[in-house]
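These notes are about the structure you will find just below.
Counting starts at 1 for both ligands and their atoms, following the listed order.
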Amino acid sequence: MADNILLKVEGLKVAYGGIQAVKGVDFDVRQGELVSLIGANGAGKTTTLKAVTGLQPLAVGDIKFLDRSIKGQGAWNLAKQGLVMVPEGRGTFTRMTITENLMMGAYIRNDAEIEADIDKVFGLFPRLKERRNQLAGTMSGGEQQMLAMGRALMARPKLLLLDEPSMGLSPIMVDKIFEVVNDIHRQGVTVLLVEQNASRALELATRGYVMESGTITMQGDGKTLLNDPKVRAAYLGE
Ligand SMILES: Nc1ncnc2c1ncn2[C@@H]1O[C@H](COP(=O)(O)OP(=O)(O)OP(=O)(O)O)[C@@H](O)[C@H]1O
Ligand SMILES: [Mg+2]
C-alpha cells in the first residue's frame, strides 16, 4: 500500500449522455484520514462517489482501492474489501425495523461478532437503541441518517463514504451528525465526507478538496482550506 493510500482516483471523467459531469479529477484518501470533498450544487460530488462505488459507469480514468483497480465492481464486492457508502438520501429499508436494518448492513459478514457490533452502533447512537423495534420508514430524517450510518458501520468498513449526511436536517441534528462522523473517524475508520456544509466538513477534515463544475480546483489540509479567503468567499458566505 504505497504511502498508506487507501483510495486513489485518477483522471476520472463521467458523462450523462452528452453532458460531462466530472471532467477529469484526481484525488486520494490515505489510511486514517478524514477527507472532505466540498462544492456547490451540481459540482459533481455525488457523481464522483457513484463512480467510485460502481453505481455510475466511468468513461475515463481509474479507481484503485488498496492498490488494486476496483473499476466497475459492485457494492457487494466493494463492501467485502472494506469500501462502503452511505448514499445521498440514505436508502434505509423502510419496512424493516432498526435492528433488521443493522443486520442487513452485516450481509457480507459471517462471524460471531455481529451482535456485539450492533451494541457498538447502539453506543454511538442511543436513539437507535431506544427505537430498535420501530420501522425505519417511521423515523425522522435525522434518525434515518443515523441508521444509514450505523448500517454502513456494520460492514466494518476500512473506508466509509458519506454523501451529504447533514442534508435537510435541523441544526441540532446537524450538530449530532457531525459529532458522530468525528467519533467514527476517531475510532479508526477512514472517511471520505462529501458535504455542502463546507465549514463543518473542513473543521473535521484532515484534508479537503474543493470541486467546481466537474473539476477539483483547490486542495489542502482542512484548516488551510477553511481559512482560505477564496473558500470563505465562495462557500462560507463571507
Ligand atoms: N442521472 C443523471 N442524468 C443526467 N444528469 C445528471 C444525473 N445525475 C447528475 N446529473 C448532472 O450532473 C451534474 C453533477 O451532479 P451531482 O449530483 O454529481 O452534483 P453534486 O455535486 O452531488 O450536487 P449536490 O450538492 O446538489 O448533491 C449536475 O449538473 C447534474 O444535473
Ligand atoms: Mg450530491
- Task: Would you sort out whether Asn197 and Phe178 count as a side-chain contact (heavy atoms from CB on, under 4.5 Å), showing the intermediate values?
- Result: CA-CA 10 Å; Asn197 190 331; Phe178 280 110; 3.9 Å; yes
- Task: Decide, counting backbone as well as side-chain atoms, whether Thr46 has an N, O or S atom less than 2.8 Å from the Mg ion (ligand 2).
- Result: yes
- Task: Could you tell me which N, O or S atom of Glu88 is nearest to the Mg ion (ligand 2)?
- Result: OE2
- Heavy atoms from other residues, nucleotides or ligands near NZ of Lys129 exceed 12 (cutoff 6.0 Å): no
- Query: Between Ala51, Gly42, Ala40, which one has a non-hydrogen atom sitting closest to atom 14 (C) of ligand 1?
  - Reply: Gly42
Atoms of ligand 1 close to [X] [distance to a heavy atom under 4.0 angstrom, numbered from 1]:
X      : value
Gln196 : 24 (P), 25 (O), 26 (O)
Thr47  : 14 (C), 15 (O), 16 (P), 18 (O)
Glu88  : 27 (O)
Thr46  : 17 (O), 18 (O), 20 (P), 22 (O), 27 (O)
Ala21  : 12 (O), 13 (C)

- Task: Take atom 31 (O) of ligand 1 and look for protein heavy atoms under 4.0 Å from it; say yes if you find one, no if not.
- Result: no
- Could you tell me whether the side chain of Leu226 reaches within less than 4.5 Å of the side chain of Val231, counting heavy atoms only? no
Is a donor from one side chain sitting under 3.5 angstrom from an acceptor on the other, for [X] and [Y]?
X      : Y      : result
Ser69  : Asp62  : yes
Ser166 : Glu195 : yes
Asn101 : Thr92  : no
Gln73  : Gln81  : yes
Tyr209 : Thr217 : no

- Note on the structure: In this structure, atom 26 (O) of ligand 1 is nearest to the protein heavy atom Asn41 OD1, 2.7 Å
- Item | Nearest-contact summary for atom 1 (N) of ligand 1 - protein heavy atom, Å | Tyr16 CE2, 3.7 Å
- Note on the structure: Paired with Arg207, the side-chain hydrogen bond (donor to acceptor under 3.5 Å, both in side chains) test is passed by just one of Thr224, Asp221, Asp28, namely Asp28
- Message: So, regarding Gly44 and ligand 1 (criterion: nitrogen or oxygen to nitrogen or oxygen, under 3.5 Å), is there a contact or not?
- Response: yes
- Item | Any Met167 heavy atom less than 4.0 Å to ligand 1 | no
